[in-house]
Amino acid sequence: MHVDAGLGERTIGISVDQLRTVPRRIAVAGGERKYTAVRAAVRGRWITALVTDIATARHLLEEP
């Protein structure tokens with residue numbers, strides 16, 4: 001059963017092609033639970049700047 005909570009009316013999004021044309025793409029995320037997603041965003045070049053915690057930053061820098 002679909003429940004319409006009205007979220008679609010309050011959500012703004014852009015396509016992948018549009019996102020890739022944005023010169024500055026900033027992510028704010030950290031912690032163990034978010035590490036895999038942060039790493040994927042960095043490796044996939046989805047973001048150009050990252051604001052994160054020291055443990056996540058160190059872990060990213062230690063990987064090959």
Side-chain angles (χ1 to χ4, degrees):
M1 172 181 9
H2 174 74
V3 177
D4 185 2
L7 183 61
E9 297 169 10
R10 300 179 302 220
T11 303
I12 299 173
I14 63 174
S15 71
V16 169
D17 292 334
Q18 289 172 315
L19 178 62
R20 290 289 190 183
T21 66
V22 176
R24 186 174 297 155
R25 299 177 305 268
I26 303 168
V28 180
E32 281 187 48
R33 289 182 47 218
K34 298 290 183 176
Y35 179 76
T36 302
V38 169
R39 183 182 66 193
V42 170
R43 286 185 174 183
R45 299 183 187 264
W46 290 103
I47 59 176
T48 60
L50 173 63
V51 178
T52 192
D53 60 274
I54 193 75
T56 300
R58 283 186 177 146
H59 196 179
L60 287 169
L61 291 171
E62 290 170 356
E63 286 198 358

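All figures in this text were calculated on a predicted structure; none of them were measured in a lab. The chain is numbered in sequence order, starting from 1.
Of the possible donor and acceptor atoms, one in the side chain of Thr52 sits under 3.5 Å from a partner among the backbone N and O of Ala29. Distance alone, capped at 3.5 Å, is enough to place a donor-acceptor pair between the Arg25 side chain and the Trp46 backbone. Under the 3.5 Å distance criterion, the side-chain polar atoms of Thr56 are left unmatched by any main-chain donor or acceptor of Gly30.
Salt-bridge formation is detected for the pair Glu63/Arg43: a Lys NZ or Arg NE/NH1/NH2 atom is positioned less than 4.0 Å from an Asp or Glu carboxylate oxygen.
Atom CD1 of Ile26 is separated from atom CD1 of Ile47 by 10.0 Å, given to the nearest 0.5 angstrom. In this structure, CG on Asp53 lies 11.5 Å from NE2 on His59, to the nearest 0.5 angstrom.
Leu60 has its side chain within reach of Arg39: a pair of non-hydrogen atoms, C-beta onward, lies under 4.5 Å apart.
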